[in-house]
Amino acid sequence: MSATKTAITTQGAPAAIGPYSQAVRSGDLLFASGQIPIDPATGNLVEGGIEAQTERVLANVAAVLSAAGLGFGDVVKTTVYLKDMNDFAAMNTLYAPKLAPEGTVPPARSTVEVARLPKDSRVEIEVTARFS
């Protein structure tokens, strides 16, 4: 028996601009599409460097998780795409308090440097979360 798929959408994160969902629930897992630093209110890439962009990405991820009734503590895997691996430490400073606060089990994670991201953003983060 195959698990059904349910699309999760929220106006708190940028709308999908192609043939994909912001997130999909399948069974007890949520697969969230990668979020880039787009302000959902304006549709524009946020101004600023890696810090401002990472903050916006994490806010977008939080909005998608919230729309599914989840939070950062439910995330079991993340993939972080960076335009420049030199931004790793700065990104990690903002990522850690949200996804790996002290005293918790942080999600598994892959971080890779990529040649280019949509809208020439500096960072994109996708997550997989589990419903309890």
Side-chain angles (χ1 to χ4, degrees):
M1 175 184 245
S2 64
T4 60
K5 295 189 315 183
T6 304
I8 305 295
T9 59
T10 177
Q11 292 183 349
I17 55 173
Y20 63 91
S21 300
Q22 286 175 320
V24 172
R25 179 178 183 165
S26 180
D28 65 350
L29 293 176
L30 181 80
F31 300 92
S33 295
Q35 290 292 318
I36 61 172
I38 300 267
D39 180 339
T42 66
N44 295 324
L45 196 70
V46 297
E47 301 279 329
I50 189 64
E51 293 87 357
Q53 289 200 1
T54 300
E55 285 178 5
R56 181 72 255 169
V57 166
L58 291 170
N60 292 347
V61 169
V64 172
L65 290 169
S66 178
L70 299 172
F72 285 121
D74 299 302
V75 174
V76 295
K77 172 74 169 81
T78 67
T79 305
V80 178
Y81 303 95
L82 293 172
K83 186 175 180 180
D84 184 346
M85 195 57 82
N86 290 318
D87 288 338
F88 181 83
M91 177 279 302
N92 223 27
T93 298
L94 297 161
Y95 173 102
K98 302 277 191 211
L99 286 148
E102 192 170 327
T104 66
V105 176
R109 178 173 85 179
S110 301
T111 304
V112 295
E113 182 179 78
V114 296
R116 192 168 182 199
L117 289 166
K119 300 213 177 242
D120 290 322
S121 65
R122 301 190 63 80
V123 59
E124 179 175 350
I125 299 176
E126 67 181 33
V127 301
T128 301
R130 184 178 180 128
F131 292 88
S132 300

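The basis for the numbers below is simple: all heavy atoms, side chains too, and nothing from hydrogens, waters or symmetry mates. We're numbering straight along the sequence, starting at 1.
The nearest pair of heavy atoms linking Tyr20 to Ala15 is OH-O, 4.5 Å. Across Lys98 and Phe72, no two heavy atoms sit closer than the pair O-CB, 3.2 Å. Closest non-hydrogen pair, Val112 versus Met85, comes out as C-CE, 3.9 Å. What you find for Phe131 and Gly27 is that their closest heavy atoms are CD1-O, 4.4 Å. Looking at every heavy atom in both residues, Pro37 comes nearest to Ser121 through CD-CB, 3.4 Å. Nearest approach of Glu124 to Pro118, heavy atoms of both residues: OE1-CD, 3.7 Å.
A donor-acceptor contact shorter than 3.5 Å is absent between the side chain of Asn44 and the backbone of Asp39. Looking at Asn60, its side chain never comes within 3.5 Å of a backbone N or O of Pro14 through a donor-acceptor pair. Between the Ser33 side chain and the Ser21 main chain, a donor and an acceptor come within less than 3.5 Å of each other. Judged purely by atom type and a 3.5 angstrom limit, Arg56 has no side-chain atom pairing as donor or acceptor with the backbone of Leu58.
Put simply, CG on Leu30 and CD on Gln22 are 10.5 Å apart, with the number rounded to the nearest 0.5 Å. Distance check, rounded to the nearest 0.5 Å: CG of Leu117 to OH of Tyr81 gives 9.5 Å. Note that the CD1 atom of Ile8 and the OG1 atom of Thr10 stand 10.0 Å from one another [nearest 0.5 Å]. Atom CG of Leu82 sits about 5.0 Å away from atom CE of Met91, to the nearest 0.5 Å. Between the CD1 atom in Ile125 and the OG1 atom in Thr79 there is a gap of 10.0 Å [rounded to 0.5 Å]. Atoms CD and CD, on Gln53 and Glu47 in that order, are 9.5 Å from each other to the nearest 0.5 Å.
When side chains are defined from C-beta on, Ser132 counts as touching Asp74, because their heavy atoms get closer than 4.5 Å. Using a 4.5 Å heavy-atom threshold, the side chains of Leu70 and Arg25 count as separate. With contacts defined as side-chain heavy-atom distances shorter than 4.5 Å, the pair Gln35/Val127 does not qualify. Between Asp87 and Val123 there is no side-chain heavy-atom pair separated by less than 4.5 Å. Annotation: side chain of Asp84 is not in contact with side chain of Ile50 (no heavy-atom distance under 4.5 Å).
Note: the hydrophobic cluster containing Leu65 also contains Leu94 (ILVMFWY, side chain heavy atoms under 4.5 Å, direct or indirect links). Under the 4.5 Å side-chain heavy-atom criterion for grouping Ile, Leu, Val, Met, Phe, Trp and Tyr, Val80 is not connected to Ile36 through any hydrophobic cluster.
For NZ of Lys77, the number of neighbouring non-hydrogen atoms (other residues, nucleotides, ligands) closer than 6.0 Å is greater than 12.
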